[in-house]
Number of protein chains: 2
Amino acid sequence: MTKAVKPAAGEARHYIRIKEQILAEIAEGKLQPGDRVSSESELVAAFGVSRMTANRALRELMFEGVLKRSAGIGTFVSPKHLDVDLLQIRNIADEILERGHTHQAIVVKAGLMKADANVADALELILGAEVMHSLIVHMENDRPIQVEERYVNPLVAPDYLSADFRSMTPHEYLTEVAPITAFEHIVQAVKPDPAIRKYLGLRNDHPCLRVFRRTWSGEAVVTCALLYYPGAQYRLEARSTKGPARPVAILGEKQ
Amino acid sequence: MTKAVKPAAGEARHYIRIKEQILAEIAEGKLQPGDRVSSESELVAAFGVSRMTANRALRELMFEGVLKRSAGIGTFVSPKHLDVDLLQIRNIADEILERGHTHQAIVVKAGLMKADANVADALELILGAEVMHSLIVHMENDRPIQVEERYVNPLVAPDYLSADFRSMTPHEYLTEVAPITAFEHIVQAVKPDPAIRKYLGLRNDHPCLRVFRRTWSGEAVVTCALLYYPGAQYRLEARSTKGPARPVAILGEKQ
DNA sequence: CCGCCTAACCTGTATATACAGGCTAGCCGC
DNA sequence: GCGGCTAGCCTGTATATACAGGTTAGGCGG
């Protein structure tokens with residue numbers, strides 16, 4: 001009667017392991033959009049779990065838009081899970097170099113710290129867990145263009161602090177260690193606090209664009225970061241399709 | 001034992017009825033952000049369902065970002081935040097109504113004008129072409145929440161100005177006339193000019209989120225708009241996957 | 001050959017039960 | 001009075017089971 005055995009891998013939860021396997025097969029291309037996914041009873045047999053557990057895995061993937069289910073028919077891979085490049089997660093250094101400018105990173109802080117409530121919550125770790133923290137100012141032609149305050153999950157990228165952030169941005173390093181499978185951006189306009197203002201070299205009343213970004217690799221949160229940009233000088237763009245990327249003056253601005 | 005009786009109301013599914021009741025209490029204000037929600041066992045007693053069913057209702061509401069749960073503590077109403085999805089275009093009136101609030105539009109201006117260089121460029125028309133222009137302030141519960149300055153391509157929507165924008169948002173009207181096939185969002189943080197500040201009722205130094213949006217129908221630019229939101233209160237969100245929309249305190253903010 | 005019915009398979013919902021582990025209030029002993 | 005332990009409540013996960021209703025293929029009878 002199949003005791004509730006602990007699964008072997010690092011991830012203990014059965015429904016997560018089922019989700020990860022299906023996501024991996026989609027990522028590898030073994031499962032194509034429109035393809036039929038194993039039915040609940042097939043997953044029960046394959047993973048040795050109960051049907052409710054298989055159901056939960058499939059239902060959550062449906063919620064997330066990965067799968068499409070219909071009673072009596074089966075479960076299928078959603079057609080358009082490739083909405084690529086909508087709002088790119090891009091390496092700030094690439095963006096700067098693309099403009100033909102020079103990029104330089106100044107590492108202000110890099111070290112270990114204990115996660116406070118907010119950080120623990122964001123990284124899905126327990127309160128007080130040790131996390132890695134870095135504070136980097138990115139310069140474009142010797143002018144500050146972004147302050148990056150980052151917290152990294154040591155379970156995913158244990159050697160984060162040994163990277164040299166002057167030659168490789170945290171983003172570059174982390175995508176190498178753990179490919180990004182999901183992201184979240186929350187954008188706000190804020191009045192920067194004095195420290196940020198100093199790093200960005202801003203006047204007192206200059207607004208700031210603050211992007212809170214989290215990235216996942218599989219089911220694990222890899223990192224979260226607060227990115228501060230000097231307000232009006234920076235544009236964050238999101239497009240539905242690749243083109244038209246033709247730059248246009250924003251109304252109300254002198255070109 | 002408790003037989004699996006059919007619930008009385010139109011909605012038969014138990015977990016849906018539990019979700020609806022909780023959502024109703026939040027909409028009515030009986031449950032405020034941060035308030036504790038009935039525990040699973042309390043719902044079991046109140047609705048006569050099994051714990052798994054109560055669990056499902058609460059878990060789905062957590063997925064949807066309505067509730068926040070933590071083991072050992074309980075289930076709580078998520079802090080309300082105003083947010084807009086950057087990766088899709090929605091009707092602001094719908095968003096407000098979904099939050100259980102009332103929407104009202106104040107038409108400040110509506111008329112014809114000749115396109116200046118920026119507008120002509122954005123709408124892909126020639127300089128000096130006649131375009132339609134509207135300036136609308138959207139109110140949520142009688143508080144200004146968005147200033148919408150819009151320019152419309154008369155070749156696509158010639159009757160734009162005859163619409164009644166108090167009963168139908170420009171977005172609603174335009175999507176009816178010309179379905180959106182592509183869009184572009186450019187986000188900046190700006191210091192609002194005095195007029196915008198007045199419309200939004202902001203203090204002098206309060207930053208603003210400005211979204212420049214263009215939408216296409218086929219190959220033609222339908223409209224472009226400058227949307228101003230009160231800065232730190234408003235969040236633009238972009239995520240690669242639908243769930244989990246579990247709200248997380250942005251680092252550095254008190255929740 | 002065609003139409004109907006059924007068996008097999010699928011998801012959707014619901015139940016009762018179990019064990020784990022986080023958290024807290026209160027009691028007990030020192 | 002104070003520290004530590006425990007009982008009780010909470011969520012998280014997992015199990016086995018049940019019945020419903022949608023869909024399809026195949027078999028049986030006219």
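Proteins come first, then strands; the chains are lettered A, B, ... in the order of their sequence lines, and each starts at number 1.
At the phosphate of C:dC10, OP1 or OP2 sits under 4.0 Å from a side-chain N or O atom of A:S39. Regarding contacts with the backbone of C:dT13, a side-chain N or O of B:R56 is found under 4.0 angstrom from either OP1 or OP2. Look at A:S41 and you'll find a side-chain N or O under 4.0 angstrom from OP1 or OP2 of C:dC10.
Taking atom NZ on B:K68 and atom P on C:dG22, their separation rounds to 17 Å, with Å as the unit. Rounded to whole angstrom, the span from the CZ atom of A:R36 across to the P atom of C:dT11 amounts to 7 Å. Spacing between atom CG of A:L67 and atom P of C:dC10 amounts to 16 Å, rounded to whole angstrom units. D:dA14 atom P lies 13 Å from atom CZ of B:R51, rounded to whole Å. A straight line from CZ of A:R59 to P of C:dT11 spans 13 Å, rounded to a whole angstrom. In this structure, CZ of B:R13 is placed 18 Å from C1' of C:dT15, rounded to the nearest angstrom. Atoms CD (B:E40) and C1' (D:dC10) sit 8 Å apart, rounded to a whole Å. When rounded to the nearest whole Å, the span between CG of A:L43 and C1' of C:dC10 equals 13 Å.
Looking at the side chain of B:Y15, the nearest of the listed nucleotides C:dC10, C:dT13, D:dC10 is C:dT13. For B:A71, the side-chain atoms get nearest to C:dG21 when compared with the rest of C:dT24, C:dT11, C:dG21. In the set C:dT11, C:dC10, D:dC10, C:dT11 carries the atom at the smallest distance from any side-chain atom of A:T75. Of all nucleotides listed (C:dC10, C:dT13, D:dC10), C:dT13 comes nearest to the side chain of A:N55. Here the nucleotide nearest the side chain of B:V49, chosen from C:dT15, D:dA14, D:dT11, is C:dT15. Ranking D:dT24, C:dC10, C:dT24 by closeness to the B:I73 side chain, first place goes to C:dT24.
Taking 4.0 Å as the cut-off between side-chain N and carboxylate O, A:D121 and B:K68 count as a salt-bridged pair.
A distance of 9.5 Å separates CZ in A:R210 from CD1 in A:I186, rounded to the nearest 0.5 Å.
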Note to self: Checking A:Y160 against A:F165 for the ring pair (Phe, Tyr, Trp, His ring centres under 6.0 Å) test, could you report, in this order, the C-alpha distance in whole Å, the side-chain angles of both residues, the deciding distance, and whether it holds?
What the structure shows: CA-CA 10 Å; A:Y160 175 70; A:F165 297 130; 4.8 Å; yes

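A donor-acceptor pair is defined here as one N or O able to donate and one able to accept, closer than 3.5 Å; no such pair exists between the side chain of B:E176 and the backbone of B:Y173. In this structure, the side chain of A:E172 engages the main chain of A:T169 through a donor-acceptor pair within 3.5 Å.
Each of B:M52 and B:G72 was assigned the nucleotide of DNA chain D with the nearest heavy atom; the assignment lying further toward the 5' end belongs to B:G72.
Within the nucleic acid shown, A:T53 comes within 4.0 Å of at least one base atom, counting heavy atoms only.
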